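Worksheet for the structure shown next.
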Amino acid sequence: MDTAPPRASGELTYRDAVAVDVPVLVPLIESAYRGDSSRAGWTTEADLLHGRRTDPEGVLAVITAPGSRLMVVERDGEPIACCQLEHRGDAAYFGMFAVRPALQGGGLGRRVIAEAERSVRETWGVREMHMTVISLREELIAWYERRGYRRTGQLSPFPYGDERFGIPQRDDLVFELLVKDLTG
């Protein structure tokens, strides 16, 4: 007989995604970035990009690639957030960060990114976390800066013409590398 006390309702759990999670994770990621549903939160890219943010093949690739994880955050067994973590030498890459739009603005994102940082430090022993953000996303970049990330000024082009990343609504999209020192 299991005598462990039941988990408190609302407690967050973290786990690595598996292939059977893909049908649930794709709509979660899409809802945080694209379409009218994304406007319920503040991380929407709906004014910058139309079309899809990802697809089942892209999510499965993150789950199954060597040195890559898709961390799923659940509350009461229901996925409410996720993020990609990829081991890149002395650094980890943080991407595909999605929080259900209705839950944004309440501190969940801060908790998820803190857990992601803790996890990559402990699992991979990395010294830095890297991410790329569309440089026009000033409010989002400011949020990351408040979490200790710094702008590097290192830019990379947006993949215009590749609809797997969305349909740009502007011709001035570029990614900027943000970095956080995880040793301090």
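In this text the structure is predicted, and so the values were computed from the model without any measurement.
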Could you tell me whether Glu117 and Lys180 have a side-chain N and a carboxylate O separated by less than 4.0 Å? yes
Verify, without hydrogens or angle tests, whether Glu176 (side chain) and Gly153 (backbone) share a donor-acceptor contact under 3.5 angstrom. yes
Student check: side-chain heavy atoms of Met96 and Thr54 closer than 4.5 Å: yes
Student check: side-chain heavy atoms of Asp16 and Leu70 closer than 4.5 Å: no
Glu86 and Arg88 ion-paired at < 4.0 Å: yes
Minimum heavy-atom separation for Ala19 to Ile63, with atom names? N-CG2, 4.2 Å
Could you check Val120 against Thr123 for side-chain contact (heavy atoms from CB on, under 4.5 Å), going step by step and ending with a plain yes or no? CA-CA 5 Å; Val120 298; Thr123 305; 5.9 Å; no
Contact check, side chains of Arg147 and Trp143, non-hydrogen atoms, under 4.5 Å: yes
Is Glu122 salt-bridged to Arg118, cutoff N-O under 4.0 Å? yes
Might you point out which heavy atoms bring Ala17 and Leu25 nearest each other, and give the distance in Å? CB-CD1, 3.7 Å
For Asp55 and Gly58, which heavy atoms make the closest approach, and how far apart are they? OD1-N, 2.6 Å
When you look at Asp172 and Phe158, which way does the side-chain contact (heavy atoms from CB on, under 4.5 Å) test go after all the steps? CA-CA 9 Å; Asp172 59 348; Phe158 186 85; over 6 Å; no
Throw together a table of side-chain donor-acceptor distances under 3.5 angstrom for residues 127-136, partners on residues two or more places apart or in other chains.
residue, atom, partner, partner atom, Å
Glu128, OE1, His130, NE2, 2.8
Thr132, OG1, Tyr93, OH, 3.0

Test side-chain contact (heavy atoms from CB on, under 4.5 Å) on Arg146 and Arg110; report intermediate values, then the result. CA-CA 10 Å; Arg146 290 191 299 274; Arg110 279 191 293 276; over 6 Å; no
Mark yes when over 12 heavy atoms from residues, nucleotides or ligands other than Gln154 sit less than 6.0 Å from its CD; otherwise mark no. no
Evaluate the ring planes of Tyr144 and Phe97, with Trp represented by its six-membered ring, and classify them as parallel (under 30°), tilted (30 to 60°) or perpendicular (over 60°). tilted
Evaluate the criterion side-chain contact (heavy atoms from CB on, under 4.5 Å) for residue pair Leu173 and Tyr160; output intermediate values, then yes/no. CA-CA 9 Å; Leu173 301 180; Tyr160 284 93; 3.3 Å; yes
Identify the residue among Val24, Val26, Leu28 that makes a side chain to side chain contact (heavy atoms under 4.5 Å, CB included) with Val59. Val26
Is there a donor-acceptor pair closer than 3.5 Å between any side-chain N or O of Ser68 and the backbone N or O of Val62? yes
Measure the spacing between CG of Leu140 and CG of Leu178 and express it to the nearest 0.5 Å. 8.0 Å
Partners meeting side-chain hydrogen bond (donor to acceptor under 3.5 Å, both in side chains) with Ser119 (sequence neighbours left out): Arg69
Short side-chain to backbone donor-acceptor contact, Asp162 and Pro159, under 3.5 Å: no
Looking at Glu138 and Arg151, is any side-chain nitrogen of the basic one under 4.0 Å from a carboxylate oxygen of the acidic one? yes
Looking only at heavy atoms, what is the nearest atom pair of Gly166 and Pro168, with distance? O-CD, 3.4 Å
Nearest heavy-atom neighbours spanning Ala32 and Val99: CB-O, 3.7 Å
Could you check whether any side-chain heavy atom of Arg75 comes within less than 4.5 Å of a side-chain heavy atom of Arg100, counting everything from C-beta outward? no
List the atom of Leu12, the atom of Leu108, and the distance in Å for their closest heavy-atom pair. CD1-CD1, 3.5 Å
When Ile, Leu, Val, Met, Phe, Trp and Tyr are grouped by side-chain heavy atoms lying under 4.5 Å apart, directly or through other members, which residues fall in the same group as Leu177? Val179
Is Arg121 close enough and on-axis enough to Trp124, meaning under 6.0 Å and within 45°, for cation-pi? no
Arg15 and Glu74 ion-paired at < 4.0 Å: yes
Can you confirm whether Leu85 sits close enough to Phe94 that some side-chain heavy atom of one is under 4.5 Å from a side-chain heavy atom of the other? yes
Nearest-0.5 Å distance, OH of residue Tyr14 to SG of residue Cys82: 13.0 Å
